[in-house]
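We use all heavy atoms of the structure for the numbers below, so side chains are in, but hydrogens, waters and symmetry mates are not. Source: prediction; values computed, not measured. Whatever order the structure lists ligands and atoms in, that order sets their numbers, starting from 1.
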Amino acid sequence: MLVIGIAGGTGSGKTTVVNKILQQLNLEGVNVLSQDNYYHDNPNLTLSEREVLNYDHPKSIDFDLMLQHVKALKNHQSIEQPIYSFVTHSRTGDHITVEPRNVLIVEGILVLTSKELLKEFDLKVFVHADSDERLIRRIRRDTQERGRDLQEVLHRYQTTLKPMHQEFIEPSKNEADLIVPNMKQNSVAIDFLTTVINNSLKKVH
Ligand code: C5P
């Protein structure tokens with residue numbers, strides 16, 4: 001199995017890059033494991049307490065479970081992936097059964113900060129977009145899809161997103177094999193990435 005880690009700040013366009021890779025690879029056998037589904041559940045806190053937690057610090061992620069799942073899939077075992085709600089800031093209690101496949105993409109803002117996960121990746125990618133571009137995308141997404149208001153997004157950006165990005169995410173760029181600039185449509189980078197993935201797949205099989 002080929003395991004690819006894809007990181008980048010919030011709003012950098014990781015999901016777009018992953019979707020383009022999936023389209024171009026045109027392979028049946030790809031799984032995408034999103035860090036977003038591995039936020040720690042905080043069932044003992046109230047909704048208003050959960051609303052003010054820092055969700056951009058590595059400690060907010062259940063990396064133990066993520067690692068366990070990556071290892072299980074590599075070991076040809078299926079996993080029960082938790083589902084997370086950005087509205088209630090908690091796990092929904094439902095799971096998705098993920099069966100092992102030839103390629104595993106692990107994506108999320110902090111996936112290149114975990115020393116243990118890094119050991120599992122055959123290819124490490126960092127998606128870059130400038131911070132103003134990322135903030136614009138984040139405002140659009142959080143207000144349109146995640147039920148947040150503008151003041152809340154801006155407050156969160158200044159108090160947690162920006163400092164956490166500077167402390168943890170930006171430095172993790174140094175772990176990447178490839179940095180993909182994603183300010184605009186970047187078909188060359190996607191072509192390049194899919195070629196690298198196809199070549200690696202030939203070596204793995
Ligand atoms: O999709 P993306 O990689 O941007 O998702 C990560 C972002 O989700 C983090 O920047 C974090 O602030 C946000 N988040 C949130 N509410 C949660 C959990 C994460 O806004 N309950």
Worksheet item: What residue and heavy atom of the protein are closest to atom 13 (C) of ligand 1, and at what distance?
Response: R138 NH2, 3.4 Å
Worksheet item: Does NZ in K162 sit with more than 12 non-hydrogen atoms of other residues, nucleotides or ligands closer than 6.0 Å?
Response: no
Discussion item. Working to the nearest 0.5 angstrom, can you tell me the gap between T15 OG1 and R137 CZ?
Written reply: 10.5 Å
Discussion item. Nearest 0.5 angstrom please: N54 CG to T160 OG1, how far?
Written reply: 5.0 Å
Fill in: NZ/NE/NH1/NH2 to OD/OE distance under 4.0 Å, K71 and D64
no
Item to complete: Answer side chain, backbone, both or neither: which part of R148 comes under 4.0 Å from ligand 1, heavy atoms only.
Response: side chain
Practice prompt. Mark up the atoms of ligand 1 that fall under 4.0 Å of a heavy atom belonging to D36, in ascending order.
Written response: 1 (O), 5 (O), 6 (C)
Item to complete: Could you say whether the N/O atoms of R141 and ligand 1 ever approach to under 3.5 Å?
Response: yes
Item to complete: Give a yes or no on whether the backbone of D177 and the side-chain of K124 come within a donor-acceptor separation of less than 3.5 Å.
Response: no
Discussion item. If the cut-off is 4.0 Å to any non-hydrogen atom of D56, which atoms of ligand 1 fall inside it?
Written reply: 9 (C), 10 (O), 11 (C), 12 (O)
Worksheet item: Backbone N or O of H89 within a donor-acceptor pair of the R50 side chain at under 3.5 Å?
Response: yes
Worksheet item: Distance only, no hydrogens: is a donor on one side chain within 3.5 Å (strictly under) of an acceptor on the other, for R148 and T143?
Response: no
Worksheet item: For atom 4 (O) of ligand 1, which protein heavy atom lies nearest, and how many Å away is it?
Response: T10 OG1, 2.7 Å
Worksheet item: Against heavy atoms of K14, which atoms of ligand 1 measure under 4.0 Å?
Response: 3 (O)
Worksheet entry | K20, Q24, Q23 screened by side chain to side chain donor-acceptor pair (under 3.5 Å) with T194, the one that passes | Q24
Worksheet item: Near Y84, which atoms of ligand 1 are under 4.0 Å from a heavy atom of that residue?
Response: 17 (C), 18 (C), 21 (N)
Item to complete: Using a strict 4.0 Å cut-off to heavy atoms of I109, name the atoms of ligand 1 that fall inside it.
Response: 3 (O), 9 (C), 10 (O)
Worksheet item: Atoms of ligand 1 less than 4.0 Å from F86 heavy atoms?
Response: 8 (O), 14 (N), 15 (C), 16 (N), 17 (C), 18 (C), 19 (C)
Response to the item:
In ligand 1, the atoms that come under 4.0 Å of a heavy atom of L161 are 10 (O), 12 (O)
Practice prompt. Check each heavy atom of R50 against ligand 1 and say whether those closer than 4.0 Å belong to the side chain, the backbone, both or neither.
Written response: neither
Worksheet item: Does R91 count as lying over the ring of Y84, i.e. NZ or CZ under 6.0 Å from the six-ring centre, within 45 degrees of the axis?
Response: no
Worksheet, complete the sentence: Near H89 (heavy-atom distance under 4.0 Å), the atoms of ligand 1 are 16 (N), 17 (C), 21 (N)
Worksheet item: Among all protein non-hydrogen atoms, which one is nearest to atom 8 (O) of ligand 1, and what is the separation to 0.1 Å?
Response: R146 NH1, 3.4 Å
